[in-house]
Protein chains: 2
Amino acid sequence: MSSLHPGDALHRLLHAYKRAMREAYRAEQIALPISHVRALKGICHGRGTTVQAIAERMHRDKSQITRVVKELRAAGLVQSQTDPHDGRARLLTPTPEGRALMQRVTVVERRAGERMMHGLSPQAVAQFLALTEAMAANLDRPEIAP
Amino acid sequence: MSSLHPGDALHRLLHAYKRAMREAYRAEQIALPISHVRALKGICHGRGTTVQAIAERMHRDKSQITRVVKELRAAGLVQSQTDPHDGRARLLTPTPEGRALMQRVTVVERRAGERMMHGLSPQAVAQFLALTEAMAANLDRPEIAP
DNA sequence: ATTAATGGTTGATACTGTCAACTTTCTTTC
DNA sequence: GAAAGAAAGTTGACAGTATCAACCATTAAT
């Protein structure tokens with residue numbers, strides 16, 4: 001039963017992970033879709049982030065981020081103000097509510113992470129992360145012209 | 001820049017993988033969405049598979065499989081016939097076209113896989129697969145009551 | 001000053017996943 | 001054997017996610 005191609009294995013894992021996350025959020029009354037949580041996380045990370053920055057950081061389309069941010073603002077979790085140095089950019093910052101929610105999310109995620117890593121050695125986990133990174137980088141690299 | 005949680009790393013990798021796949025398919029004139037390809041793969045694997053079996057194997061909702069299969073049939077890649085032993089079940093088999101396409105898909109996937117694994121030792125890859133499997137199993141396992 | 005590039009937004013559309021209801025066909029139980 | 005229940009498949013409705021192209025407003029480049 002281990003005849004899984006890397007792609008299948010990946011699908012399976014991410015699918016299971018997302019499902020676990022969704023359930024955990026629901027159990028904790030966190031009523032946000034996963035992508036919203038991830039965006040919020042990005043906004044909480046650095047001060048004065050922009051839509052563009054988040055889109056790049058998570059390798060996502062900026063239009064998608066725009067929409068997610070719009071909903072985060074509507075939910076009172078994020079606020080935006082025009083960058084004084086650049087009239088086009090909007091600087092995003094979490095509201096206190098946003099930070100508080102982020103706090104809870106962090107706890108939930110840590111728990112889920114621990115559950116996922118259950119029975120695995122720290123080295124194994126570290127290697128997994130390293131491999132994941134390396135593979136993603138391989139794929140993102142523009143294809144070598146044949 | 002390596003402050004990625006496992007969840008983020010996973011998202012990034014699967015996203016990159018899907019993108020690479022989609023591009024590869026397009027380059028090879030394979031005009032099927034990824035989920036369709038995966039379902040077709042499942043159908044080509046064992047003889048006389050059913051919607052149910054595929055849904056279970058790939059941990060997906062049977063309604064989704066039903067729809068995918070419907071389109072695969074419409075595309076002439078799969079055919080179905082009623083199971084002589086069970087009037088409810090429909091046995092799915094690939095058409096010659098389906099098999100031929102699968103052949104090409106396999107090549108494309110292998111290439112993509114190699115690109116993804118570029119620079120990684122076979123042991124590392126094997127370990128990655130093992131870890132992926134273990135983690136998915138951890139998550140699928142019903143949560144241990146705390 | 002004109003052109004080009006950038007940050008953000010919107011619209012359109014496709015793909016993916018989830019849930020619930022329903023039909024048809026077994027299977028179980030009496 | 002008939003009624004109740006379970007299983008296989010289908011359909012509808014919907015939420016979430018991703019992609020692409022077009023579009024303002026503002027800034028940078030020439």
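So that the names make sense, note that chain A is the first sequence line, chain B the second, and so on, each numbered from 1.
Within 4.0 Å (heavy atoms only), A/I65 reaches no atom of the nucleic acid at all. Contacts of A/Q52 with the nucleic acid, taken as non-hydrogen atoms under 4.0 Å apart, involve only primed sugar atoms and P, OP1 or OP2. Residue A/R22 is in sugar-phosphate contact alone, with no base atom involved, counting any heavy-atom pair closer than 4.0 Å across all strands shown.
Within the 4.0 Å cut-off from OP1 or OP2 of D/dT17, at least one side-chain nitrogen or oxygen of A/S35 is found. Considering only side-chain N and O atoms, B/T50 lies under 4.0 angstrom from the phosphate OP1 or OP2 of D/dG9.
Here the C1' atom of nucleotide D/dG16 and the NE2 atom of B/H15 are 13 Å apart, to the nearest Å. Atom CE in A/M58 sits roughly 11 Å away from atom P in D/dT17 (whole-Å rounding). The distance between atom OH of B/Y17 and atom P of D/dA18, rounded to the nearest whole Å, is 17 Å. Spacing between atom CG of B/L91 and atom C1' of D/dG9 amounts to 13 Å, rounded to whole angstrom units. For the pair A/L14 CG and D/dG16 C1', the computed distance is 14 Å after rounding to whole Å. The distance from atom CG of B/L92 to atom P of D/dT10 is 8 Å, rounded to the nearest whole Å.
Note on B/E23 versus B/R19: salt bridge recorded, some NZ/NE/NH1/NH2 to OD/OE distance being below 4.0 Å.
Summary of the strand contacts: B/H11 and B/T66 both lie near DNA chain D, and taking for each the nucleotide with the nearest heavy atom, the more 5' one is attributed to B/T66. Along DNA chain C, the nucleotide nearest to A/D86 and the one nearest to B/R67 differ in position, and the one closer to the 5' end is contacted by A/D86. Checking B/S63 against B/E56, the closest nucleotide of DNA chain D that is more toward the 5' end is the one next to B/E56. With DNA chain C read from its 5' end, the first of the two nearest nucleotides for A/D61 and B/R60 is the one closest to A/D61.
A donor and an acceptor atom sit less than 3.5 Å apart, one in the side chain of B/R88 and one in the base of D/dA7.
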Self-check item: Chi angles and distances behind the side-chain contact (heavy atoms from CB on, under 4.5 Å) call for A/Y25, A/R104
Solution: CA-CA 9 Å; A/Y25 290 159; A/R104 293 167 57 210; over 6 Å; no
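Here the side chains of B/I54 and B/L92 are in contact, with some heavy-atom distance below 4.5 Å. A/L32 has its side chain within reach of A/L101: a pair of non-hydrogen atoms, C-beta onward, lies under 4.5 Å apart.
Tested against B/L77 for a side-chain contact (heavy atoms from CB on, under 4.5 Å), the candidates B/L72, B/I43, B/V37, B/V69 yield a single pass: B/L72. When each of B/M116, B/R110, B/M117 is tested with B/E114 by the rule side-chain contact (heavy atoms from CB on, under 4.5 Å), just one qualifies, namely B/R110.
Of the possible donor and acceptor atoms, none in the side chain of B/R12 sits under 3.5 Å from a partner among the backbone N and O of A/M58. Although no hydrogens or angles enter the test, the distance criterion places a donor-acceptor pair under 3.5 Å between the side chain of A/R115 and the main chain of B/L139.
Donor-acceptor pairing under 3.5 Å is lacking for the side chains of A/T50 and A/Q52.
Residues of residues 68-83 of chain A that place a heavy atom closer than 4.0 Å to DNA chain C, in numerical order, are A/K70.
On the nucleic acid side, DNA chain C has its first and last nucleotide under 4.0 Å of a heavy atom of chain A at C/dA5 to C/dT18, going 5' to 3'.
The aromatic rings of A/H11 and B/Y17 sit perpendicular to each other, their planes meeting at more than 60°, with 30° as the lower class boundary.
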